[in-house]
Every structure is written in C-alpha cells, then in structure tokens.
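What follows is one structure encoded as structure tokens, with my remarks underneath.
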Amino acid sequence: MSTVAVLVESREGVVTQPTFEALTLARSLGTPVAVWLGSAPEPAEVARLGIYGATEVRVVPTGDDARVVSRAAAALGAATADAAIVVLISTFVNKEIATRLALATGAGVVVDAAGAELVDGRVETLQTVFAATWNVRTRIESDAAIVGIRPNTTQAQAAETPGAATLVTVEAALPETREAIVAVEPVPASDGVPLAEAPVVVSGGRGTGGDYTLVRELAELLGGAVGASRDATDEGWISHEHMVGQTGTTVTPALYVACGISGAVHHRGGMQASGTIVAVNIDPDAPIFEIADFGVVGDLGDVLPQAIARIEDHRRG
Amino acid sequence: MRILVTVKFVPDLQSQRSFTDGAVTRTGDDGTMNELDENAVEAALQLKEAAGEGEVYALTVGGDDAVAAVRKALQLGVDHAIHVSDAAIAGSDVFGTAKVIAAAVRKVHAEAPLDLVITGMAALDGLTSMLPTALAAELDWSQLTLASGLTVEDGTASIVRHLPDAHETLSAPLPAVVSVTDEANKPRYPNFKLIMAARTKPVTTWSLADLGVDPATVGAGAARTVVVDASPRPPRENRVVVTDTGDGGTRLADFLIERGLA
C-alpha cells in the first residue's frame, strides 16, 4: 500500500470535518498520513486523526509562513516526498498550494473532486461541472497525483482498526518569497457550522428583502448554515462569506433550502449538486424550481413560519 | 503602466454546455469571453487610466473561434490583442496552458517590460482557479491572487483578499501576476465608439513556433490528466412544485419530515 498524504485543515487548533472526510477517502487509496502545517497540534487532535486512519501526523513547523502559497507548497512537499497521492480539501488557497506542489513534483492535479478511486494503478476522480449539469471522470496519468476533494462529498468514517498516530516533526527549508504579508485580519468564525461543511444550508436571496430572521430561524432549527445569493451580498444584507455560488462557496449539503432565490446560473453552479433541494419563491417562473425536488410558490413570510411551526410540532411528537 | 490581461473563450453560461471527446465544446455561436475576465480587463483599464499613460494587452489561447474573446476585450477598451493559436495546443492541461501563456508574456515583456499580468479569478467552464498560480510560477514573477482590491505604487503591487478565515493584505514587487475576483470592480459596458473601433483593430496571431515553445511539451500528449468520461447528469426525478394556498409551509415541512431531513 502506498502512502497517501492528507493536508490537515484546522480551525483554532481543532481539526475540521472535511479533514476526516479526506482521511476516509485516503484510506481507500492507500496508507494515510496526515500533514499538519503550523505549530504542533494538541495530543487530542493527533488522536482524532488516528481514529480516522492516519498512521502518522507529520508536523511542519511553518508558523505563519504557511499563509504564503509557495512556502506552504514547499512545506507540504517536504512532508510528502514518499507519498504517491496527496489529498487536500478543495479550497481556493489549497488549489494554489496544489498547483505549486505539482509544478515541483510533476504530479497531475484534479481539484473540486467529488470522489476518487484507484483504477489499474491510476487515480481516477469524479467531478460535476457546468453548474453540476455534467459528470466528468478524469484519470491522472502521472505517477504522482494530487486530489482536491470537496467537503461533504465523502462520508467521514472512523477506521475499522483505529491506531495511535505517531507524531513526527519534519523540518523544511522554506523559500524566500517576493510576496509579503502586510496584514491579516481574522474573520470571526460564524455561529454554528461553516457553510462549506454544513449538512444543511438555508439560503436567502432578493426575496428576503434583507430580513434574514426567518432564514436564520429555519437554519438553526435544521442544524444548518445560512447562505445567500449574490444579489443579497451585493446589497450588503449579509456578508460575502455567506455567498453560495460559482465565485463564492460551493456547497453540497444533504439538504439545500433556497428562500427567495431566483436561481441564476451563477448561484446554481454553487449548489446544484446538493442532495435534496427545496425552494420557496413568489415567482412561479423562477429557474430555481427547475432543479428543486420540492418547490412552493408563495410568500416567504407565510410559508417559512408555517414550516417552522410544523417541524417544531413534529419534534414535540 | 504596461499590463497584459489573459482572457478565455468559454461557452456562454446560458447556453447548453457540453463535452466533445473529453474537451469542453467551444464554438463561435455560443462562445464568449469568460465573464470573470471582464473584471481583469476592468482592473487593467482602471490602473492605466489612473496612471495617465500605458498600454493594455489582451491575450487569449485557443482555436479560431477564440479570437472572439480578445475582440470583446478590444470593445472594452484594451489597446492590443494577441491570439495564440496552434493545433498542437489542443488538449493542454493547466500546466501546458501556463507554459504557452508564459512564453507569450515573455515575448511582449521583451519588446518593452510589462508591470502586471492580470487574470480573472476562474474560468466559468473549468473553474479550477489554478492558472494564475501556474503562470506566476512559470514566469517566476510575484504572485498576488484572488484580489478583491488592487493598488500599484512605486513598483509594488498590493492586494486585499477575502479568505474564509481572514482578510489578508499582501504586497510584492512588480512584475506580478494578479488575479482579481468579481468583488474587485464593476466592469464597464462597451460603448458604440469602441465597438466600431474594435472591428478594425488588428489582432496579432502567434503560433508555438513564434513563441519558441516545443509542441511536445504542451497539448494532449503532455497533459498529466485526461478526461475519460463525460456525461450529462440525469435531471432530478419526481419533482413537485406546489402553489401556496394556505398550507404551503406545512406541505414543505411534511416533505422534509418524510425524507428524514427535519
């Protein structure tokens, strides 16, 4: 079994759910090792990585240097020299790291993958393209492969024989770069689950008129994250971090609820691969209804409170 | 200020997009300049206008139809258009494409130094967002990607970028490769005068030989990835749309409960 390296994503020192999904996928491709860039993880996090199958956790002490793409790529490269496959989570920044690493190693890269498997010794990946209207299977022809996997496309499962991952420190010579980080202003973590990882997303668009009270209430009830259309973020009703769409966050939750969103192709491209799609819109001709499993033509102000009350009733039994 | 903008010819978002033999179908009928490249063109024009002098080049790589992408850029007001076209480029992966674009950038740069290459944040057909990074690496220039704001002063470019966990400000010396997001600006519309002028503006066409690129290093043969299957996803089945007559919310909730989603 060849070594499959997984680049760990963490928030405030805690490993994120997509990392466990990536480790689960990595187990089907070979022997997973986890790569951690930055200061050393807490023992509890190392243990959690072990539960999902990481045999080693390789720490590259980069400090804040990992914010510069070429340095992060060099650090990842130093820790993955023996790995035939590198799996990372397909974020904008990781796609850049993957590109730099591939240029250094000659690896073939597929990003935004919804799955990967070995076929005749080569990695093949699955993606959805054209606003999730087409399925594409890609084969990586080179010996080394890098796969960027979308959150929520693999069900995270603990390893059948979870082991204790060994902590290993890898020293890497990081290159001097022209790019300098002038300022970093952290974005406060949103309440609840981050959009890209959420199993349920409730989004509001122009039809909300800027009032997200009901959207937030339904999201909270369903244990989901709050999303928005480009219209809504352009209006300044909600911050850009919430934007679902081709230039914002691409989501593939089990349930997507579109409230007052017409469903322009830009938006559909960011959510069309979701499991179940539900839409509420006052306009019967809204294109969102063409892709909704269940649609209600109606006023958000009538439909959402009634739906919320019905779900609460149901839960009370 | 001398700036080169890369523009891509892609199928119109509203058209029926498809694959032919493992590649995106691109035809003149429903193809256009990638929408997100309009932000790159706009950023370049604004920098030139602010500097009060300079030249903006638009460059595209692709078959005969791809010239439409640089024509659109001319309509928006760029000064020069370059179309790199060669049968050997077909089937290139991002690394092959970056190699071709880098060779063309070097050729322009050799005539008179460029300050910036500006790209869009992604092409709306492939959406991988890898090209700007690959191009910066290939050129060995500064890399400033995903800019929602861009300023240039005293030989240094500075950008602001909005990542999910932080808003970063980065700076780097020129020349630099900068990719701009759709938050960076509001692209202008072509006016009648520019549309008329664009009709007669020349488009420079270069082949791989003109660029000194070995055809064996690009194209399908050199690609590290290959599309082995592409098929339209089946439409969702058993879709239901109801009109709210007083019980729309209850029916929606019942649907979710039935599916085990609420």
Side-chain angles (χ1 to χ4, degrees), chain A residues 11 67 69 92-93 95-96 99-100 103 108-112 124 128 130 132-142 178-187 222 240-241 246-247 254-255 265 276 278 280 284 289 291-299 302-307 310-311 314, chain B residues 13-14 17 19 36 94-95 121-122 124-125 127-130 133-134 137 142-146 158 162-173 181-183 223-233 236 239-244 248-257 259 261-262:
Chain A
R11 249 189 310 274
R67 283 208 165 268
V69 170
F92 278 114
V93 169
K95 290 183 197 182
E96 299 186 348
T99 307
R100 288 263 172 188
L103 282 165
V109 187
V110 175
V111 295
D112 297 331
E124 292 193 0
T128 59
F130 297 156
T133 57
W134 280 66
N135 287 325
V136 170
R137 175 178 278 267
T138 303
R139 184 168 62 237
I140 298 178
E141 302 273 26
S142 44
R178 298 183 190 86
E179 300 83 11
I181 297 168
V182 180
V184 179
E185 182 195 327
V187 173
L222 298 174
H240 185 260
E241 284 80 32
Q246 292 186 141
T247 60
L255 171 63
V265 67
T276 297
V278 171
V280 183
F289 289 126
I291 58 161
D293 296 286
F294 192 88
V296 181
V297 179
D299 192 299
D302 299 329
V303 176
L304 294 187
Q306 195 179 59
R310 172 81 181 104
I311 293 166
H314 168 74
Chain B
L13 283 182
Q14 310 296 344
R17 296 182 287 175
F19 277 80
L36 292 169
V94 64
F95 304 109
M121 69 181 290
L124 289 174
D125 54 351
L127 281 172
T128 72
S129 295
M130 292 166 64
T133 304
S142 304
Q143 173 188 342
L144 296 170
T145 38
L146 298 172
S158 299
H162 294 166
L163 302 178
D165 71 325
H167 294 177
E168 295 180 343
T169 307
L170 303 177
S171 71
T181 71
D182 55 348
E183 284 184 286
R224 303 174 192 179
T225 50
V226 60
V227 171
V228 290
D229 187 47
S231 50
R233 279 161 69 96
R236 287 169 189 266
R239 291 185 299 108
V240 177
V241 178
V242 301
T243 300
D244 181 27
T250 304
R251 292 177 71 179
L252 189 159
D254 287 344
F255 172 82
L256 295 179
I257 292 162
R259 288 220 173 176
L261 292 166

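This is a predicted model, so every value here is computed, not measured.
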Between B:R259 and A:T276, is there a side-chain donor-acceptor contact under 3.5 Å, judged purely by atom types and distance? yes
What are the two closest non-hydrogen atoms of B:V228 and A:E124, and how far apart are they? CG2-OE1, 4.2 Å
I'd like to know if A:R11 pairs up with B:D165 as an ion pair, taking the criterion as any Lys NZ or Arg NE/NH1/NH2 lying under 4.0 Å from an Asp or Glu carboxylate oxygen. no
Decide side-chain contact (heavy atoms from CB on, under 4.5 Å) for A:V297 and B:V241; before the verdict, give the C-alpha distance in whole Å, the side-chain angles of both, and the deciding distance to 0.1 Å. CA-CA 7 Å; A:V297 179; B:V241 178; 3.8 Å; yes
Shortest non-hydrogen contact between A:R178 and B:P173, atoms and distance: O-CD, 3.5 Å
Kindly give the heavy-atom pair with the smallest separation between A:E179 and B:Q143, and that separation in Å. OE2-N, 2.6 Å
With chain B as the partner, which of A:V136, A:D293, A:I140 has the greatest number of non-hydrogen pairs under 4.5 Å? A:D293
Could you check A:V182, A:I181, A:V184 and say which one makes a side-chain contact (heavy atoms from CB on, under 4.5 Å) with B:L170? A:I181
Is chain A contacted by the side chain of B:L144, its backbone, both, or neither, given a heavy-atom distance below 4.5 Å? side chain
For a quick test of reading the model, state the closest non-hydrogen atom pair linking B:R251 to A:F294 and the distance between them. O-CZ, 3.7 Å
Are A:E96 and B:L146 close enough, and set up right, to give a side-chain contact (heavy atoms from CB on, under 4.5 Å), and what steps lead you there? CA-CA 10 Å; A:E96 299 186 348; B:L146 298 172; 4.0 Å; yes
Looking only at heavy atoms, which two atoms of B:R233 and A:T128 are closest? And how far apart? NH1-CG2, 3.0 Å
Taking every non-hydrogen pair under 4.5 Å, which of A:G108, A:A307, A:P284 racks up the most with chain B? A:A307
